2 protein chains.
Amino acid sequence: MENISDNVRSQMRKGVLEYCILSILDRKEAYASSILEELKAANMIVVEGTLYPLLIREKNQGLLSYRWEESTQGPPRKYYCITEKGRGQLREMDAAWQEIVETINTLKK
Amino acid sequence: MENISDNVRSQMRKGVLEYCILSILDRKEAYASSILEELKAANMIVVEGTLYPLLIREKNQGLLSYRWEESTQGPPRKYYCITEKGRGQLREMDAAWQEIVETINTLKK
DNA sequence: TAATAGTACCTTGTGTTGCAAGGTAATTGA
DNA sequence: TCAATTACCTTGCAACACAAGGTACTATTA
């Protein structure tokens, strides 16, 4: 039972996810499950199988770092935070995003 | 010689391209080379190897149709135009795009 | 104390997509 | 007739999102 709208949304947000993650972590550090919640609250549903590899990729690129922290309720959490390099990347993505928004506006005019 | 900014842009516009193509063809029919020019004018550089498979995919999905037309200067051109189904998809993409823009705004606030 | 539920982590395999780097065919002009 | 131009298209690769699994730790409860 495949919903076309889901497919459209899924395709369209490809590549924007990394931007979302960096934007979230630019404000405060967070662990995967809390990032999922924040994305969900912002109306962008993402599943674990998408998020974890993405976080690992960004960490390997030096855009993120992490530390372990014990939790009072459950297993330890891996808190990610953005690096200086990550902030640089984020600034580039801000520019790229603006450009895309303007491109769409141009084409829709 | 790989430019990081190019990579960022390339990743970010994944999935948005189909939206751009449908938006362009919603206004008037066009052939591949003219679509490439229009995208370039709107600041979204795309290459042939990306565009042709995309047009074929959309045609196979019934979103587009085409007709051949002789050209006064060069080989015949394949003019694509959007179908009723394509317009339906475009309306869904309009909604999806608005949603993504709002998501980014929420996360950047 | 054994079993269950909840939380948090991660991996594998698949399909889609964008791109680089090729190629074919028709027309025009030198 | 042969190079340039315009227009079409294909193949192989890498990156990405997702479905569908899995492991490990903690708290609850029977």
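As the structure is a computational prediction, the values presented were derived from the model and not from experiment.
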When the nearest nucleotide of DNA chain C is assigned to A:Gly49 and to B:Glu18 on a heavy-atom basis, which residue is associated with the more 5' position?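 Result of the comparison: A:Gly49.
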
DNA chain C: B:Leu17 or B:Pro75, which has the more 5' nearest nucleotide?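 Here B:Leu17 is the residue nearer the 5' end.
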
Given [options], the nucleotide with the shortest approach to the side chain of [X]:
X	options	value
B:Glu70	C:dT27, C:dA8, D:dC8	C:dT27
A:Ile56	C:dT11, D:dC18, D:dA24	C:dT11
A:Pro53	D:dC8, D:dA24, C:dT11	C:dT11
B:Leu54	D:dC9, C:dC10, C:dG18	C:dG18
B:Tyr52	D:dC8, D:dC18, C:dC9	D:dC8
A:Val47	D:dC18, C:dC19, C:dA8	D:dC18

Select base, sugar-phosphate, or nothing to describe what A:Thr72 touches, counting heavy atoms under 4.0 Å on all strands.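 The answer is sugar-phosphate, as A:Thr72 gets under 4.0 Å only of primed atoms, P, OP1 or OP2.
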
Taking any heavy-atom pair under 4.0 Å as a contact, classify A:Thr50: base, sugar-phosphate, or nothing.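 Base contact.
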
Calculate the interatomic distance between [X] atom [atom1] and [N] atom [atom2]; express it in whole Å.
X	N	atom1	atom2	value
B:Leu39	C:dC19	CG	P	11 Å
B:Leu36	D:dC9	CG	C1'	13 Å
A:Met44	D:dC16	CE	C1'	14 Å
A:Lys78	D:dT23	NZ	C1'	14 Å
A:Asn60	C:dC10	CG	C1'	14 Å
B:Lys59	D:dC8	NZ	P	14 Å
A:Ile35	C:dT7	CD1	P	18 Å
B:Leu55	C:dC19	CG	C1'	15 Å

Closer than 4.0 angstrom, basic N to acidic O: yes or no for A:Lys40 and A:Glu37?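 A salt bridge is absent here (no side-chain N lies under 4.0 Å from a carboxylate O).
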
Return whichever of A:Val16 or A:Pro76 has its heavy-atom-nearest nucleotide of DNA chain D closer to the 5' end.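 Nearest-nucleotide comparison on DNA chain D picks A:Val16.
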
For residues 101-109 of chain A, tabulate all N or O donor-acceptor pairs below 3.5 Å that involve a side-chain atom, not counting sequence neighbours.
{"from": "A:Thr103", "atom 1": "OG1", "to": "A:Glu99", "atom 2": "O", "distance (Å)": "3.0"}
{"from": "A:Thr103", "atom 1": "OG1", "to": "B:Ala42", "atom 2": "O", "distance (Å)": "2.7"}
{"from": "A:Asn105", "atom 1": "ND2", "to": "A:Val101", "atom 2": "O", "distance (Å)": "3.4"}
{"from": "A:Thr106", "atom 1": "OG1", "to": "A:Glu102", "atom 2": "O", "distance (Å)": "2.9"}
{"from": "A:Lys108", "atom 1": "NZ", "to": "B:Ser23", "atom 2": "OG", "distance (Å)": "3.2"}
{"from": "A:Lys108", "atom 1": "NZ", "to": "B:Asp94", "atom 2": "OD1", "distance (Å)": "2.9"}

[N] phosphate, OP1 or OP2: any side-chain N/O from [X] under 4.0 angstrom?
X	N	answer
A:Arg57	D:dA15	no
A:Ser33	C:dC9	yes
A:Tyr31	C:dA8	yes

Report yes or no: is there a donor-acceptor pair, N or O only, under 3.5 Å between the side chain of A:Glu48 and the base of D:dC18?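 Checked by distance alone, the answer is no.
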
Return the set of residues passing side-chain hydrogen bond (donor to acceptor under 3.5 Å, both in side chains) with A:Glu29 (not counting sequence neighbours), or none when no residue passes.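 For A:Glu29, the residues satisfying side-chain hydrogen bond (donor to acceptor under 3.5 Å, both in side chains) (neighbours in sequence not counted) are A:Arg67.
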
When you group the ILVMFWY residues by side-chain heavy-atom contacts below 4.5 Å and let the links chain together, are A:Ile35 and A:Tyr52 in the same group?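 Each belongs to a different hydrophobic cluster.
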
Name the one of B:Leu54, B:Asn60, B:Leu55 that satisfies side chain to side chain contact (heavy atoms under 4.5 Å, CB included) with B:Arg57?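 Option passing the side chain to side chain contact (heavy atoms under 4.5 Å, CB included) with B:Arg57: B:Leu54.
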
Is there a donor-acceptor pair closer than 3.5 Å between any side-chain N or O of B:Ser71 and the backbone N or O of B:Pro76?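 No, the answer is negative, given that no donor and acceptor are paired below the 3.5 Å cut-off.
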
